[in-house]
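Worksheet for the structure shown next.
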Amino acid sequence: MVTAKKPPPPITARHVIRRSWKLLIVFSVALCLLALYRLHSQPDLYSPSSSLSRARSRIARHSVGFAGPAKIAFLFLARRDLPLDFLWESFFENAGGALNFSIYIHSAPGFVFDESTTRSRFFHGRQLPNSIQVGWGESSMIEAERLLFATALEDPVNQRFVLLSDSCVPLYNFSFIYNYLMASPRSIVDSFLDVKEGRYNPKMSPIIPKKKWRKGSQWIALIRRHAEVLVDDEVILPVFKKFCRRRPPVDIRKGKLNLKLQKQHNCIPDEHYVQTLLAMSELDGELERRTLTYTLWNNSPNKTESKGWHPMTFNHASAAPQKIREIKEINHVYYETEYRTEWCRINSTAVPCFLFARKFSKGAAMRLLSEGVVGHFDTAALLKPSP
């Protein structure tokens, strides 16, 4: 005997509405989750890493050919304006045209170089559009440097890259500096073993072994291939950002807490990053291991530290012709930690060690101009009101 199956209960309108609402809710939640995922997966358009990625994608690699003379890219790392712009105006004015140099400036975000902010037409509009806020002794300093190099690499004619501060001055005219840099097939980077100050953090190992840890001046001159290595790095920089940090300065308001703070590991990223990166890339043998920028150091207490090395500022009196001659006559540098004397040479030819110097005040820069160091200039023009 076959038992008849009962027909299914009729679907009511109420049941249909309830099911429709459930599907609508599930669909809405899925859309929200998808939107949230896409929001978090997109890079911050204003972060240093995304700015660098966009610039990196526009770089013309060193194999790309170009017509005309090779250029030197002058990369200025400035707090805001360029107080010595009048001296650099004379320097570039005597370059014989803008075919063999280019200028890039990393300044405070939003600061624009125009007729109202600089005396020199050479700096008009040369600020980076993607500059970041920079703190001394922080990884933001090397991020700003990388942005400068990445932007300059977009022009395939730029073959030498010189990093300068807003207090740097040239010690020679443009022609001398151009021929000096173009004659060398090597980057000129102050780099030596850091065995005394204990800035190496063991937590950097194994990515950065201690034997590859280097120190040196941040004021460097790179050939194009080495500039690409700097901009392409995605391994060493994250380690620096995590483990190379400046120790907080002494603050008398914190009392005994200072004792604890001063036990923290102390590391200044811009004095180690490029040197260590190039050593990790096995490029030590392709460097002139010295700096082109002269700095006069003073080992005395300052407001934040009991003792330490600090750069002296040249004023009108200390920038006397005799002192400038002494700097220009230096032909070697001794590195105590390596017991090494670095004789300054280009292709086995003895050359002066320094092409630039810092830190110079406006008065000191005016004296250089009056002495005709960078070319003919009428210093009376500086007495005119600023724009």
> Residues in side-chain contact (heavy atoms from CB on, under 4.5 Å) with E371, at least two apart?
Replying inline: P321, R367, V373
>> For Q275 and S191, which I'm curious about, is there any donor-acceptor pair between the side chains at under 3.5 Å?
In response: no
> How far does CG of N94 sit from CD of E89, to the nearest 0.5 angstrom?
Replying inline: 10.0 Å
>> Could you check whether any side-chain N or O of Q322 sits under 3.5 Å from a backbone N or O of A319, counting only pairs where one atom can act as donor and the other as acceptor?
In response: no
> How would you list all residue pairs meeting side-chain hydrogen bond (donor to acceptor under 3.5 Å, both in side chains) that involve residues 100-111, not counting sequence neighbours?
Replying inline: S102-N158, Y104-N158
> Do K328 and Y172 meet the cation-pi criteria used here (NZ or CZ under 6.0 Å from the six-membered ring centre, within 45° of the axis)?
Replying inline: yes
>> If I take atom CG from residue L292 and atom OG from residue S217, how far apart are they, to the nearest 0.5 angstrom?
In response: 9.5 Å
>> Let me confirm one number: the CZ-CG distance from F76 to L148, rounded to the nearest 0.5 Å.
In response: 10.5 Å
>> To the nearest 0.5 Å, what is the distance between CD on E228 and CG on L230?
In response: 10.5 Å
>> If the condition is side-chain contact (heavy atoms from CB on, under 4.5 Å), which residues does E145 pass it with, not counting sequence neighbours?
In response: L77, M141, I142, L163, Q218, D270, V274
>> Using only atom types and a distance under 3.5 Å, with no angle test, would you say the side chain of Y335 pairs donor to acceptor with the backbone of L193?
In response: no
>> Among residues at least two apart in sequence or on other chains, which ones pass salt bridge (Lys or Arg N to Asp or Glu O under 4.0 Å) with D166?
In response: R79
>> Given the ring of F111, does R80 sit roughly above its face, with NZ or CZ under 6.0 Å from the centre of the six-membered ring and within 45° of the axis?
In response: no
>> Using only atom types and a distance under 3.5 Å, with no angle test, would you say the side chain of Q127 pairs donor to acceptor with the backbone of I105?
In response: no
>> Can you confirm whether the side chains of N173 and S175 place a donor and an acceptor under 3.5 Å from each other?
In response: no
> Can you name the closest pair of heavy atoms from V189 and A221 and give their distance?
Replying inline: CG2-O, 4.4 Å
> Got I220 and F149 here, is their nearest side-chain heavy-atom distance under 4.5 Å?
Replying inline: yes
>> Exactly one of F122, F174, F123 should register a ring pair (Phe, Tyr, Trp, His ring centres under 6.0 Å) with F91. Which one does?
In response: F174
> With a 4.0 Å cut-off, would you call E271 and R246 a salt bridge?
Replying inline: no
>> Looking at S318 and N315, would you say the former's side chain and the latter's main chain have a donor-acceptor pair under 3.5 Å?
In response: yes
>> I'd like to know if the side chain of N347 and the backbone of T349 have a donor-acceptor N/O pair within less than 3.5 Å.
In response: no
>> Can a side-chain donor-acceptor contact be found between T118 and S120 if the only test is distance below 3.5 angstrom?
In response: no
> Once you round to the nearest 0.5 Å, how far does OG of S90 lie from CG of L84?
Replying inline: 12.5 Å
>> Please report the interatomic distance OG1(T293) to CG(L355), rounded to the nearest 0.5 Å.
In response: 8.0 Å
> Are any non-hydrogen side-chain atoms of K242 and F240 less than 4.5 angstrom apart?
Replying inline: no
>> Please give me the minimum heavy-atom distance between W88 and C168, naming the atom from each residue.
In response: NE1-O, 3.1 Å
>> Give me the atom names and distance for the closest heavy-atom approach of D155 to R224.
In response: O-NH1, 3.1 Å
> Any side-chain heavy atom of N331 within less than 4.5 Å of one from R345?
Replying inline: no
>> Evaluate Y180 against R160 for side-chain hydrogen bond (donor to acceptor under 3.5 Å, both in side chains), listing each step before the verdict.
In response: CA-CA 11 Å; Y180 186 114; R160 300 293 185 273; over 6 Å; no
>> When you group the ILVMFWY residues by side-chain heavy-atom contacts below 4.5 Å and let the links chain together, are I72 and L99 in the same group?
In response: no
> Near Y339 OH, under 6.0 Å, is it more than 12 heavy atoms from other residues, nucleotides or ligands?
Replying inline: no
>> Are F74 and F161, when compared by the centres of their aromatic rings, separated by less than 6.0 Å?
In response: no
> Who are the ring pair (Phe, Tyr, Trp, His ring centres under 6.0 Å) partners of F356, not counting sequence neighbours?
Replying inline: none
> Under a 4.5 Å cut-off applied to non-hydrogen side-chain atoms, are F314 and S167 in contact?
Replying inline: no
>> E138: which residues meet the salt bridge (Lys or Arg N to Asp or Glu O under 4.0 Å) condition with it, sequence neighbours left out?
In response: none
>> Tell me every residue that passes disulfide (SG to SG under 2.5 Å) with C353, counting only those two or more places apart in sequence or in another chain.
In response: C344
> Which heavy atom in L369 sits nearest to a heavy atom in L87, and how many Å separate them?
Replying inline: CD1-CA, 4.0 Å
> What's the shortest heavy-atom distance between D194 and K215, and which atoms?
Replying inline: CB-CB, 3.8 Å
>> Do L147 and V112 land in one hydrophobic cluster if side-chain heavy atoms of ILVMFWY residues count as linked below 4.5 Å?
In response: no
>> Under a 4.0 Å threshold between the charged nitrogen and the carboxylate oxygen, would R325 count as salt-bridged to E329?
In response: no
> With sequence neighbours left out, what residues match S205 under side-chain contact (heavy atoms from CB on, under 4.5 Å)?
Replying inline: Y200
> Quick one: does V333's side chain get under 4.5 Å of T341's, heavy atoms only?
Replying inline: no
>> Which heavy atom of A73 sits nearest to which heavy atom of A152, and what is that distance?
In response: CB-CB, 4.0 Å
> T295: what forms a side-chain contact (heavy atoms from CB on, under 4.5 Å) with it, not counting sequence neighbours?
Replying inline: W297, P311, R358
Output a table of donor-acceptor pairs, distance under 3.5 Å, between side-chain atoms of residues 279-288 and any protein atom two or more places apart or on a different chain; print 'none' if there are none.
| residue | atom | partner | partner atom | Å |
| --- | --- | --- | --- | --- |
| S281 | OG | L277 | O | 2.9 |
| E282 | OE1 | K212 | NZ | 3.3 |
| E282 | OE2 | K212 | NZ | 3.0 |
| D284 | OD2 | R214 | NH2 | 3.2 |
| E286 | OE1 | R225 | NH2 | 2.3 |
| E286 | OE1 | H226 | NE2 | 2.8 |
| E286 | OE2 | R225 | NH2 | 3.1 |

>> With a 6.0 Å cut-off (strictly less than), is the heavy-atom count around NZ of K241, excluding the residue itself, greater than 12?
In response: no
>> Is the shortest side-chain heavy-atom distance between P185 and I223 below 4.5 Å?
In response: no
> Can you name the residues that form a ring pair (Phe, Tyr, Trp, His ring centres under 6.0 Å) with F243, not counting sequence neighbours?
Replying inline: none
> Can you check whether F86 reaches M366 side chain to side chain, under 4.5 Å on heavy atoms?
Replying inline: yes
>> Using a 3.5 Å distance criterion without hydrogens, assess whether the side chain of D233 forms a donor-acceptor pair with backbone atoms of L237.
In response: yes
> How would you list, by chain and number, every residue that makes a ring pair (Phe, Tyr, Trp, His ring centres under 6.0 Å) with H332, sequence neighbours excluded?
Replying inline: W343
> Do W136 and I132 sit in the same hydrophobic cluster, where Ile, Leu, Val, Met, Phe, Trp and Tyr count as joined when their side-chain heavy atoms come under 4.5 Å apart?
Replying inline: yes
> When you look at H272 and R199, which way does the side chain to side chain contact (heavy atoms under 4.5 Å, CB included) test go after all the steps?
Replying inline: CA-CA 9 Å; H272 298 274; R199 289 184 178 179; 3.1 Å; yes
>> Is the shortest side-chain heavy-atom distance between W219 and D190 below 4.5 Å?
In response: no
